[in-house]
Each structure stands twice: as structure tokens, then as C-alpha cells.
Engineer: 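I'd like to ask you about the structure that follows.
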Amino acid sequence: MNRRGFLLIEFSCVNKFFGTFHVLKEINLTITQGEVVVIVGPSGSGKSTLLRCINRLEGITDGELVVNGVQLHNRKIDINAFRRNIGMVFQHFNLYPHKKVIDNIILAPMKVLGMTKAEATEKAMTYLQRVGIADKADSYPSQLSGGQQQRVAIARGLTMNPKIMLFDEPTSALDPEMIGEVLDVMRSLAHQGMTMAVVTHEMGFAREAADRIVFMDEGRIIEDAPASDFFQQPREERARAFLSRLLHH
Amino acid sequence: MSLWDFNILVEHWDQFMAGLRQTILASLLGLIGSLVLGTFIAILRIAPFRILKAIGTIYVEFIRNIPLLVVVFFFFLGLPTLGIPVDPFTSGTLGLMVYTASFIAEAIRAGIQAVPSGQSEAARSSGLSYIQTMRYIIMPQAIKIVLPAIGNQLINLVKNSSVLGVIAGLDLMYYADLINLSTFKGIPVYTFVALFYLLLTVPLSLAVHYMERRFARSN
């Protein structure tokens with residue numbers, strides 16, 4: 001899957017601290033348009049924090065981070081205008097419980113992109129169809145299964161027409177039988193050329209859908225390799241130990 | 001002396017009604033004012049700027065930790081000293097409003113902070129501004145959470161309006177004291193006063209329960 005376009009995400013020597021805790025250490029990472037990059041590593045290794053820096057849910061402490069042409073280390077940028085181009089899917093879905101599925105999806109297109117309700121609804125329905133739950137448009141999130149909620153969350157992100165989609169452990173809160181339906185949606189998104197950064201423990205998905213695997217440990221990127229190389233023979237001892245724990249548990 | 005000396009009620013009906021009218025007026029003004037001011041203070045307390053946060057915190061910690069009567073006296077005696085003429089009713093109602101707002105602010109702040117942080121992360125990451133996120137995502141959920149606590153505060157406010165009686169605010173309590181002093185029939189006088197307060201607080205309490213149920217259904 002070599003559809004190398006231009007650079008969408010570039011971390012240069014990025015450090016991040018939570019108080020005195022050094023979460024991200026000397027991060028260098030680039031993601032180009034159309035790439036699917038899966039970030040793996042033991043818990044506490046900083047992968048979620050790294051992902052959350054990409055749309056500045058977390059600010060970086062020093063270094064440079066350029067996403068979609070915007071310098072995120074510069075405090076004076078229009079963050080709301082920047083974020084409309086970056087979709088995000090969370091571990092716990094984070095649907096708005098007081099709004100119906102359709103209203104969850106059309107809120108940002110209307111309030112941020114200025115679409116009319118009719119336009120936003122039409123677009124939302126297209127994406128709900130694509131993730132296979134158009135019949136749930138008028139339900140409340142609490143009436144949906146976890147897998148359905150996560151598919152709504154993906155549709156909510158896609159309706160904004162983002163340039164990049166971020167996935168923060170999208171299947172970790174799901175019952176095993178629902179993981180597949182969410183991964184299917186993500187896989188088809190990857191095949192359609194969406195630029196994706198995904199934090200996950202789903203090695204099957206990583207092997208099939210990822211162009212590159214980034215392995216993190218203790219706040220550092222230990223290995224950054226094409227998916228096939230990483231799974232056949234990881235260079236680093238820590239990555240080998242991590243993989244064998246995951247694959248043979 | 002009987003609890004139910006209806007002669008008292010009949011003979012002093014006009015005074016009771018005049019007092020009730022002022023109590024209702026003070027309660028309504030206090031209710032609207034303390035909700036608006038309380039919401040504003042709550043937003044200050046959680047604002048992402050240190051100075052605003054400090055102002056909100058100082059307000060709450062200062063006002064809610066002194067007795068209501070002292071707050072009322074501050075307006076009643078303090079404002080005229082500063083050259084601002086106010087009548088007892090106005091200074092009493094202002095004191096009531098400012099005092100209750102500190103409790104309402106705390107309730108609303110707790111409600112806002114009880115909304116999971118993922119809600120605002122999802123909203124902000126879709127490009128909604130801080131204010132849009134508050135308005136469309138956080139506040140509608142926080143209101144459901146804080147409704148019982150706010151209901152309690154509003155009931156307290158109606159009862160606390162009796163503080164006006166102390167500064168000749170012409171409310172129910174003021175006239176009750178007056179009637180008591182002229183008739184020496186305190187027990188029936190205050191029994192009827194209690195009934196008049198119940199007439200205001202019980203419907204308020206029912207209204208809050210009704211809204212709680214309505215909000216619960218919409219989820």
C-alpha cells in the first residue's frame with residue numbers, strides 16, 4: 001500500500017511532561033497522506049498521549065509538531081479551525097448521551113462547518129449507512145450496543161470530512177464479539193485511503209491494515225517499521241518481548 | 001391559646017396578604033437573580049483562566065461562610081453609607097440573592113465537573129469552541145445532575161426570605177412579628193405564617209420533582 005502523498009503529521013524532537021513526569025521523550029515521527037500507522041506498546045508507554053498531541057488535546061512541552069500544515073507548538077493558532085480537519089474516536093466512544101444518534105453526528109457539521117440541518121442530516125445518513133446502522137439514527141446512544149456506539153462515533157468523525165482520523169484504543173472497551181464489526185469499518189476506511197493513526201492492541205488489524213507500526217516503550221519510539229517487517233522480525237528486543245506476550249497469551 | 005384561632009387570620013388578613021405578596025416578590029427576584037449570578041460564578045470557577053477562577057473561588061468561600069443575616073446587614077447598612085440609598089426590601093432581596101448564589105454556584109460547578117471529561121474532549125476535538133461545548137454538551141447534562149441540589153437551594157431561598165422581617169422588609173415575617181406584638185397571640189400567628197410558607201415551598205418542591213422526572217425520561 002504505497003500511496004505516499006505529502007507530509008500530514010511531523011513530530012520533531014517533541015518532549016512532553018506531566019508535571020515532573022516525562023511522558024514523551026525526543027519523539028520524531030512523520031505520517032504522510034494516506035498512510036495507516038498503528039502505534040503499539042505496553043500500557044503507560046505514552047502512545048495515547050502521543051495520539052492526543054496530534055489534535056492538541058494535549059499540548060507539547062518542547063520540540064516542533066506540524067499537523068496538516070499547522071504549527072501546533074505555536075500557541076497563537078486558531079485551534080477550532082484546525083481541529084475540524086482531524087477526526088477522533090475514543091476508547092469509551094464519548095457519544096453525547098442527551099442527544100439522539102443523528103443529533104450527535106450533525107452538531108459539529110452545523111455549528112463548526114455551518115452546514116444547514118438538511119445538508120448535515122443527508123451527509124450523516126450516508127455515513128451511518130456506510131457503518132451499517134442507518135436504522136439507529138433516531139435512537140439514543142444508551143439504546144445501542146458498544147459496537148454500534150463506536151460505529152456511530154466513527155460516522156460522527158467522518159461526517160466532518162477530516163483529513164486525518166485518530167483512533168485511541170477504539171476496541172478496548174468492547175465485548176469480544178463486537179470488536180470485529182468496528183475493525184471491519186476501520187479496515188474499509190484504511191482501504192479507501194484515509195490517513196489514520198491508531199493506538200490499539202489488535203495485532204490482527206495492525207498486520208492487515210497498517211502501513212507502518214510504531215512501537216513505544218517508556219515514552220520513546222523504540223521501533224518504526226513497515227508492518228510486514230515488524231511482525232516478521234522486530235529489530236528491538238523489547239518489541240520482540242512485547243509481541244510474543246501479545247501473540248502467545 | 002389555640003393553634004387555629006381563625007379570628008387572627010380574618011382580622012389581620014390584609015397584613016398577611018401584604019406580607020405574602022412581598023415574600024413572593026422577594027423569592028421570585030431572589031430565585032431569578034441567584035440562578036443567573038450562581039451560573040455566572042460557577043462558570044468563573046471552572047474557567048480556564050487563573051484570575052477568573054480566583055474571583056469565583058473568593059466569592060463562594062467568602063459569601064457562603066458568613067451568616068445570611070450578616071450579608072443582609074452588609075447591604076442594608078453598607079450601601080447607604082456608600083451614598084447609595086436602598087429601602088429595606090431591596091437590600092434584603094439583594095442579600096438573599098448574593099447569599100443563595102454562592103450555594104447555587106457550588107451546586108452547578110459540581111454538576112459541570114460530574115460530566116465525564118470525555119464529553120468535552122469529544123466536542124472540542126470536533127472543532128466546537130469552549131463556549132459551544134459548554135452550551136450544547138456540558139450544561140444540558142450538568143443541569144440534570146444538579147436539579148435536586150438547586151431545588152433544595154430554591155426552597156431554602158423562599159424560607160430564608162424571612163430574614164427581611166429583621167430589617168423591616170415588609171414581608172410575611174415582618175407582619176407576623178407586628179401582629180404578634182399587638183395581639184400577643186404568637187402561636188396562631190406563626191402557625192398561619194408556617195402555612196403560608198408551605199403554600200409557596202410545597203408547589204416549588206413538586207415542580208422540581210416534576211422536572212427531575214421529565215429530564216430523566218429524555219435520556
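Note on naming: letters A, B, ... go to the chains in the order of the sequence lines (proteins, then strands), and numbering restarts at 1 for each one.
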Engineer: Under 6.0 Å from the CZ atom of Phe74(B), do we count more than 12 heavy atoms belonging to anything else shown?
Structural biologist: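 12 or below, so no.
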Engineer: Taking atom NZ of Lys53(B) as the centre, does the number of heavy atoms from other residues, nucleotides or ligands within less than 6.0 Å exceed 12?
Structural biologist: yes
Engineer: For Glu121(B), which atoms come within 4.5 Å of any heavy atom of chain A: side chain, backbone, both, or neither?
Structural biologist: both
Engineer: Ignoring hydrogens and geometry, is there a side-chain-to-backbone donor-acceptor pair from Asn55(A) to Ser125(B) under 3.5 Å?
Structural biologist: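 No; judged by distance alone, with no hydrogens or angles, the pair does not exist.
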Engineer: Contact part of Leu95(A) toward chain B, heavy-atom cut-off under 4.5 Å: side chain, backbone, both or neither?
Structural biologist: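 Contact with chain B involves the backbone of Leu95(A) alone.
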Engineer: Identify the heavy atoms of Ala122(B) and Arg156(A) that sit nearest to each other, and give their distance.
Structural biologist: CB-NH2, 3.5 Å
Engineer: Could you grab the distance from atom CG of Asn80(A) to atom CD of Gln132(B), nearest 0.5 Å is fine?
Structural biologist: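 One finds 7.5 Å between CG of Asn80(A) and CD of Gln132(B).
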Engineer: Give a yes or no on this: more than 12 heavy atoms of other residues, nucleotides or ligands lie within 6.0 Å of atom CG of Leu195(B).
Structural biologist: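 Yes, because the 6.0 Å sphere around CG of Leu195(B) holds more than 12 heavy atoms from other groups.
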Engineer: With a 3.5 Å distance limit and no angle check, can you tell me whether His98(A) reaches the backbone of Ile138(B) through a side-chain donor-acceptor pair?
Structural biologist: no
Engineer: Hey, could you give me the CG/OG distance between Asn94(A) and Ser126(B), rounded to the nearest 0.5 Å?
Structural biologist: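 Output value for this atom pair is 11.5 Å.
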Engineer: Side chain, backbone, both or neither: which part of Ile86(A) has an atom under 4.5 Å from a heavy atom of chain B?
Structural biologist: backbone
Engineer: Would you indicate whether Phe196(B), at its atom CZ, is surrounded by more than 12 heavy atoms from other residues, nucleotides or ligands within a distance under 6.0 Å?
Structural biologist: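 It does: Phe196(B) CZ has more than 12 such atoms within range.
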Engineer: With a cut-off of 6.0 Å (strictly less than), are more than 12 heavy atoms of other residues, nucleotides or ligands near CE of Met178(A)?
Structural biologist: yes
Engineer: Name the member of Met88(A), Arg84(A), Lys99(A), Lys111(A) that forms the most heavy-atom pairs with chain B at distances under 4.5 Å.
Structural biologist: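 Among Met88(A), Arg84(A), Lys99(A), Lys111(A), the one with the most close pairs to chain B is Lys111(A).
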Engineer: Tell me, out of Arg83(A), Gln143(A), Arg56(A), who's got the most heavy-atom pairs with chain B below 4.5 Å.
Structural biologist: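 When all of Arg83(A), Gln143(A), Arg56(A) are compared, Arg83(A) has the most.
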Engineer: Check the surroundings of atom CD1 in Ile51(B): do more than 12 heavy atoms from other residues, nucleotides or ligands lie under 6.0 Å from it?
Structural biologist: no
Engineer: Does the Gln141(B) side chain pair with the main chain of Tyr96(A), one donor and one acceptor, at a distance under 3.5 Å?
Structural biologist: no
Engineer: Would you say CZ of Phe17(A) has more than 12 non-hydrogen atoms from neighbouring residues, nucleotides or ligands within 6.0 angstrom?
Structural biologist: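 Counting neighbours around CZ of Phe17(A), more than 12 heavy atoms of other residues, nucleotides or ligands fall under 6.0 Å, so yes.
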